[in-house]
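Only this structure's heavy atoms are used, side chains among them; waters, hydrogens and symmetry mates stay out.
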Protein chains: 2
Amino acid sequence: MGKDAISNQIRNLRFHHNEMTQQQLADKAGVTRQTIVAIEKGNYSPSLELAFRIARVFGKPLEEVFQYDDKQ
Amino acid sequence: MGKDAISNQIRNLRFHHNEMTQQQLADKAGVTRQTIVAIEKGNYSPSLELAFRIARVFGKPLEEVFQYDDKQ
DNA sequence: ACATTATGTATAGTTTATTTTACATGTTGT
DNA sequence: ACAACATGTAAAATAAACTATACATAATGT
């Protein structure tokens, strides 16, 4: 829906995880590399299901990977 | 994306919150009642942004409202 | 008996997420 | 200099989320 309300730590987490590449993350999450690029760059935010899968790849709770930036 | 991988506690939470109605939740979350109905019934799962907004209405962390059911 | 409210269902239309394909760039190793 | 790899960008196509409208039903109160 929105544009920039949601931020994420994907890039940081990739490097803290065996220097995981975009393609590797895409494979483990079951999506295309383009999807990872778009989310990582903030072009759009993922579906809830994909957000859960990405968080699960990193073994982190969802809210440590994705943050909702309150714009009051 | 998926169909039934994600479950939620919306219905329970509505009743634990002042008997909040679907319409009231929809208004507070900034969506249509149809969207709440569809999510509550599991027709589809919300976007990550909407999931955050709904959780915020109930004052709960996202993962207390939505659960990812591991299908291994 | 009637009006009101909350919910469920359905369908068509719009917007956003995701895929597919393709090309460009900088880096690394040989 | 060349190949291989990681990343960024872009555009067209498909799928999924979301809106708008409308109708049906059961429950509640007057």
Side-chain angles (χ1 to χ4, degrees), chain A residues 1-58 60-71, chain B residues 1-58 60-71:
Chain A
M1 306 186 82
K3 187 111 283 177
D4 39 11
I6 289 184
S7 59
N8 69 78
Q9 309 303 319
I10 295 183
R11 189 151 205 131
N12 294 334
L13 287 165
R14 280 201 300 116
F15 290 120
H16 290 341
H17 261 259
N18 292 339
E19 301 279 335
M20 183 184 294
T21 184
Q22 288 177 334
Q23 184 65 63
Q24 292 171 327
L25 173 55
D27 291 343
K28 293 192 181 190
V31 291
T32 319
R33 184 176 69 90
Q34 294 317 310
T35 301
I36 299 298
V37 174
I39 294 170
E40 197 172 301
K41 300 231 88 187
N43 292 359
Y44 51 75
S45 48
S47 66
L48 180 57
E49 183 172 351
L50 178 52
F52 268 119
R53 293 210 304 269
I54 291 175
R56 204 147 134 285
V57 168
F58 293 124
K60 301 265 184 187
L62 192 150
E63 312 197 23
E64 269 183 50
V65 183
F66 298 94
Q67 291 83 34
Y68 183 67
D69 303 327
D70 256 329
K71 49 171 63 166
Chain B
M1 310 183 79
K3 186 110 284 174
D4 40 9
I6 289 184
S7 60
N8 69 78
Q9 308 304 318
I10 295 183
R11 188 150 206 135
N12 295 334
L13 287 166
R14 281 201 299 116
F15 290 119
H16 290 342
H17 262 258
N18 294 337
E19 301 279 333
M20 183 183 294
T21 185
Q22 289 178 335
Q23 185 65 63
Q24 292 171 325
L25 173 56
D27 291 344
K28 294 192 181 191
V31 290
T32 319
R33 183 175 71 91
Q34 293 319 310
T35 301
I36 299 297
V37 173
I39 294 170
E40 197 172 301
K41 302 232 85 189
N43 293 359
Y44 51 75
S45 47
S47 66
L48 180 56
E49 183 173 351
L50 179 51
F52 268 119
R53 292 210 304 269
I54 291 175
R56 202 147 135 285
V57 168
F58 293 124
K60 300 265 183 187
L62 192 150
E63 312 197 23
E64 269 183 50
V65 183
F66 298 94
Q67 291 84 33
Y68 183 67
D69 303 328
D70 257 329
K71 48 171 65 165

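Rounding to whole angstrom units, CG of residue B:L48 and P of C:dT18 are separated by 10 Å. For the pair B:E40 CD and C:dT7 C1', the computed distance is 9 Å after rounding to whole Å. A:I36 places its CD1 atom 15 Å from the C1' atom of D:dG8, with the value rounded to the nearest Å. Counting to the nearest Å, the C1' atom of D:dA10 and the OH atom of A:Y44 are 13 Å from each other. The CD1 atom of A:I10 sits 13 Å away from the P atom of D:dT7 (whole-angstrom rounding). Taking atom CD of B:E49 as the reference point, atom P of C:dA17 lies 8 Å away to the nearest angstrom. Between B:Q24 atom CD and C:dT7 atom C1' the separation is 13 Å, expressed in whole Å. Distance, B:N18 CG to C:dA6 C1': 16 Å, rounded to whole Å.
In the set D:dA17, D:dC18, C:dT18, D:dA17 carries the atom at the smallest distance from any side-chain atom of B:S45. The side chain of A:I39 lies closest to C:dT18, out of C:dA17, C:dT7, C:dT18. For A:V37, whose side chain is taken as the heavy atoms from C-beta onward, the closest listed nucleotide among C:dT7, D:dA20, D:dT9 is D:dT9. Closest to the side chain of B:R11, out of D:dA20, C:dT18, C:dT7, is C:dT7. Here D:dC18 is the nucleotide among D:dT7, D:dC18, D:dT21 with the atom lying nearest to any side-chain atom of B:V31.
Residue A:R33 has no polar side-chain atom (N or O) positioned under 4.0 Å from OP1 or OP2 of C:dA22. Contact check, B:Q22 against C:dG8: a side-chain N or O comes under 4.0 Å of OP1 or OP2. Phosphate proximity of D:dT9 to A:K41: present, with a side-chain N or O under 4.0 Å from OP1 or OP2. The shortest distance between the side-chain N/O atoms of B:S47 and the OP1/OP2 oxygens of D:dC18 is below 4.0 Å. Distances shorter than 4.0 Å separate none of the side-chain N or O atoms of A:T35 from OP1 or OP2 on C:dT18. Contact check, A:R14 against D:dT7: a side-chain N or O comes under 4.0 Å of OP1 or OP2. Applying the 4.0 Å criterion to OP1 and OP2 of D:dT7, one finds that A:T21 has a side-chain N or O inside that range.
Taken to the nearest 0.5 Å, the OG1 atom of B:T35 stands 7.0 Å off from the CG atom of B:L50.
The minimum heavy-atom distance linking A:A5 with B:E49 is given by the pair CB-OE2, 3.8 Å. Contact detail for A:Q24 and A:E19: the closest heavy-atom pair is OE1-O, 4.2 Å. Considering every non-hydrogen atom in both B:H17 and B:V57, the closest pair reads CE1-O, 4.4 Å.
On a pure distance criterion of 3.5 Å, no polar donor-acceptor pair joins the side chain of A:E19 and the base of D:dA6. For B:Q23 against C:dT5, a side-chain-to-base donor-acceptor contact under 3.5 Å is absent.
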Apply side chain to side chain contact (heavy atoms under 4.5 Å, CB included) to B:Q67 and A:F52, showing your working.
CA-CA 9 Å; B:Q67 291 84 33; A:F52 268 119; 5.9 Å; no
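With respect to B:F58, the side chain to side chain contact (heavy atoms under 4.5 Å, CB included) criterion is satisfied by exactly one of B:M20, B:Q9, B:K28, B:E64: B:M20.
Ranked by how close their nearest DNA chain D nucleotide is to the 5' end, A:M20 and B:Q34 are led by A:M20.
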